[in-house]
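Have a look at the structure below, then the notes.
Just so we're on the same page: letters track the sequence lines, and every chain starts at 1.
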There are 2 protein chains.
Amino acid sequence: MGEINIKQLACELNLSAATVSRALRDSHEISSETKARVLEMAKKLNYEPNPFASNLRGQKSKTIAVIVPEIANNFFSLAINGIEEVARERDYHVLIYQTHESSAIETSFLNRLLSGRVDGVLISLACENVDKEHFKKISNQLPVVFFDRVHDDIDGVKITTDDYESAYNAVQHLIENGCKKIGYLSALNALSTGKKRLQGYLDALKDNDFPDDGNLIMKSGANNDENYTLIKNFIAEHKPDGILSSIEELAMPCYYACKELNLNIPVDLKLISFSNLAHAQLLNPSLTTINQPAFEIGVEAAGILFKIFNKRWYEPNQTIILKSNLIKRESTRAIA
Amino acid sequence: MGEINIKQLACELNLSAATVSRALRDSHEISSETKARVLEMAKKLNYEPNPFASNLRGQKSKTIAVIVPEIANNFFSLAINGIEEVARERDYHVLIYQTHESSAIETSFLNRLLSGRVDGVLISLACENVDKEHFKKISNQLPVVFFDRVHDDIDGVKITTDDYESAYNAVQHLIENGCKKIGYLSALNALSTGKKRLQGYLDALKDNDFPDDGNLIMKSGANNDENYTLIKNFIAEHKPDGILSSIEELAMPCYYACKELNLNIPVDLKLISFSNLAHAQLLNPSLTTINQPAFEIGVEAAGILFKIFNKRWYEPNQTIILKSNLIKRESTRAIA
DNA sequence: TTTATTTACGTAAACGTTTACGGAATAATA
DNA sequence: TATTATTCCGTAAACGTTTACGTAAATAAA
């Protein structure tokens, strides 16, 4: 309807479309008076250049894609928040896609994005096994920055947190506060993110001369209901006095399971989890968390993507590691 | 790089670009053998049509925009989740923008979207006062569906929840459980969403012959820190024995304030809040919430937008109201 | 004065699709 | 056989920009 284009604008001004285009882009080939006239008329008629025409001509989309497992997740929504803010500063647009942890969907999204719809992609991998070869093809055609959920076997720029150290320190904290039998709720096993957390757990146990008991590692299931059952049985059977949960989604069920099993946190069981829950402080008991700088990860990842766009990034395989924050609360309090 | 276009594909097949295009869109003008050949070669060469060229030609973007105040918010992230799923089913792309409650930013986003970048917009309004005239211009040029944060003075299709009834019932619940002096933490005052919640509160008080005391209505401040101070002072000064919070962001500080003031929830103060916190159950004490069907709102809103696209929507000003769910928990327990 | 340079703008091509139009070959009908 | 309809495909224009190229006028340099 209102859709006014550059030709009509030019006509209104008795100029050619080329002149108008150049004036709007502040070209030195246009006199300042003409520029002023054009700007004024453009404002008056509410002219907005058609992005598809621009993009088609210029092969730039001014758009980036963000691919995450889930949007409704404390970590990812914060990361997207950071990404959006950076994009906005640069007048870029942000497309979002969620994979629901399916690498098939992930691959399908990536393929669709190869058409030039976006200038670059920020991705946090689905936890399923990935087709690494496919990723190589992708990143040859499109700048990609990985964040948080990364894979060692896939080359690329990566922003992560200090997963190994965080897990290690978490276990150390449990031990210092009296735990003798520490369980691990594992997830993201196919990704280096998950592997590092697990390794941190294992090494901390070893360094403290804890026995190497594979039974204390629980693998997460397919959905929340299954996870709850798994966790309840895990606790009931193995009776750990401390648990490190590799993701928030596995820590919450521990509360319910402990209530069901009549176990007191932290007396009978101390709990610590990777989590970006805003109000871990208000849980009963308050939850000791490994808090990842989610917003900053988003900002950093987006920032690097823009550096790549501007040819100001020279480390195609660099991994940037931000520090997580261990926040000690009631759920791991030492019992006198 | 790899970017293959329809001409190269056509060349490879000894066909014209037109034939290839038609074959890919399954036109009846193309023989089935040719179609098969084209499809095969397209798959083989990983051909993806350039969306900008298609959009430019067809004046369709296959993209929708979602404008929300904040992404990192339990309600909005769930709504976006719903929207994304519906969009995905239809092979649509989703752009997200956050206004951080600024109507200036909101207006600026909307203006940029008028260029044809998207086929439609889903918006949840910023809580600042809005330029209603501007919205009229917008919705003449672009299909817009409002969700949750809506404004009575702005025409359009709207998806909301039963804000009035929810607030009314919440207050009724507080009264039934013994509250004599019920405060209201107000927000979104410029929007009908906020006005209806407030009115529900007021009418419930009136219907129960409670005195009309404006002092018991607290207006939210500019940020979390200010809100905390406001709330603490509010509780300390007016000593309500019940509080209805119109948004989750005002309920959480109540916990901290009560701890600070040595007040026990629910003994000294009962608390209920509009909230989509996943684990309200685990708070200390567990929080009674008015749970909005956030995901469903997203699904519904997106569904209607697609109906509008397909000319299957005939009610330009209909408001669809979904029901919220009052979940009673410890924070409003009656004290014997 | 002649020639070179700069300024300021217009013309037209290009980006990669889709589609109106047309046409040749084949099949159907008279 | 002559006419009409159908099938299948190609040509070219169009979508709205941006930009290489050209050019006329004005200015500077020779």
Side-chain angles (χ1 to χ4, degrees), chain A residues 1-39 41-42 45-63 91 112-119 141, chain B residues 1-39 41-42 45-63 91 112-119 141:
Chain A
M1 331 283 132
E3 300 296 307
I4 186 168
N5 64 26
I6 203 171
K7 282 182 193 168
Q8 298 167 35
L9 185 55
C11 179
E12 207 75 29
L13 287 157
N14 275 343
L15 289 171
S16 74
T19 301
V20 173
S21 175
R22 279 187 278 239
L24 290 173
R25 323 188 103 244
D26 203 28
S27 158
H28 65 276
E29 297 186 70
I30 303 299
S31 72
S32 36
E33 320 149 56
T34 304
K35 278 182 193 171
R37 281 181 59 217
V38 172
L39 264 304
M41 185 65 78
L45 300 186
N46 230 305
Y47 170 72
E48 283 281 337
N50 181 305
F52 302 121
S54 304
N55 298 343
L56 179 57
R57 174 62 220 235
Q59 313 285 21
K60 285 285 157 241
S61 69
K62 283 234 157 201
T63 306
D91 277 313
R112 285 170 68 196
L113 292 175
L114 282 182
S115 56
R117 183 178 287 274
V118 297
D119 296 341
Q141 305 189 235
Chain B
M1 329 275 138
E3 300 297 306
I4 187 170
N5 63 28
I6 202 171
K7 283 183 193 167
Q8 298 168 35
L9 184 55
C11 180
E12 208 75 29
L13 288 157
N14 274 342
L15 289 171
S16 75
T19 301
V20 173
S21 174
R22 279 187 278 241
L24 291 174
R25 322 189 103 245
D26 202 28
S27 158
H28 65 276
E29 297 187 68
I30 304 298
S31 72
S32 37
E33 322 151 53
T34 306
K35 278 182 192 171
R37 281 181 59 217
V38 172
L39 264 304
M41 185 64 79
L45 299 186
N46 229 303
Y47 169 72
E48 284 280 336
N50 181 307
F52 302 120
S54 306
N55 298 342
L56 179 57
R57 173 63 219 234
Q59 312 287 24
K60 285 285 156 243
S61 68
K62 283 234 159 202
T63 306
D91 276 313
R112 285 171 68 196
L113 292 175
L114 282 182
S115 57
R117 183 178 286 274
V118 297
D119 296 342
Q141 305 190 234

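- Residues meeting the side chain to side chain contact (heavy atoms under 4.5 Å, CB included) test with B:Arg57, sequence neighbours left out: none.
- Residues satisfying the side chain to side chain contact (heavy atoms under 4.5 Å, CB included) test with B:Ser54, not counting sequence neighbours, are B:Pro49.
- Between the CG atom of B:Leu15 and the C1' atom of D:dT11 there is a distance of 14 Å, rounded to whole Å.
- At the phosphate of D:dC9, OP1 or OP2 sits under 4.0 Å from a side-chain N or O atom of B:Ser31.
- Atom CG in A:Asn55 sits roughly 15 Å away from atom C1' in C:dA14 (whole-Å rounding).
- With sequence neighbours excluded, no residue satisfies salt bridge (Lys or Arg N to Asp or Glu O under 4.0 Å) with B:Arg37.
- Pairs of residues two or more places apart, or lying in two chains, that qualify as salt bridge (Lys or Arg N to Asp or Glu O under 4.0 Å) and include a residue from residues 15-34 of chain B are B:Asp26-B:Lys35.
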If the sugar-phosphate is the primed atoms plus P, OP1 and OP2 and the base is the rest, what is the B/S/- string for nucleotides 16-22 of chain D, using protein heavy atoms under 4.0 Å?
BBBBBB-
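- Considering only residues two or more places apart in sequence or on other chains, B:Asp91 meets the side chain to side chain contact (heavy atoms under 4.5 Å, CB included) condition with A:Arg112, B:Lys62.
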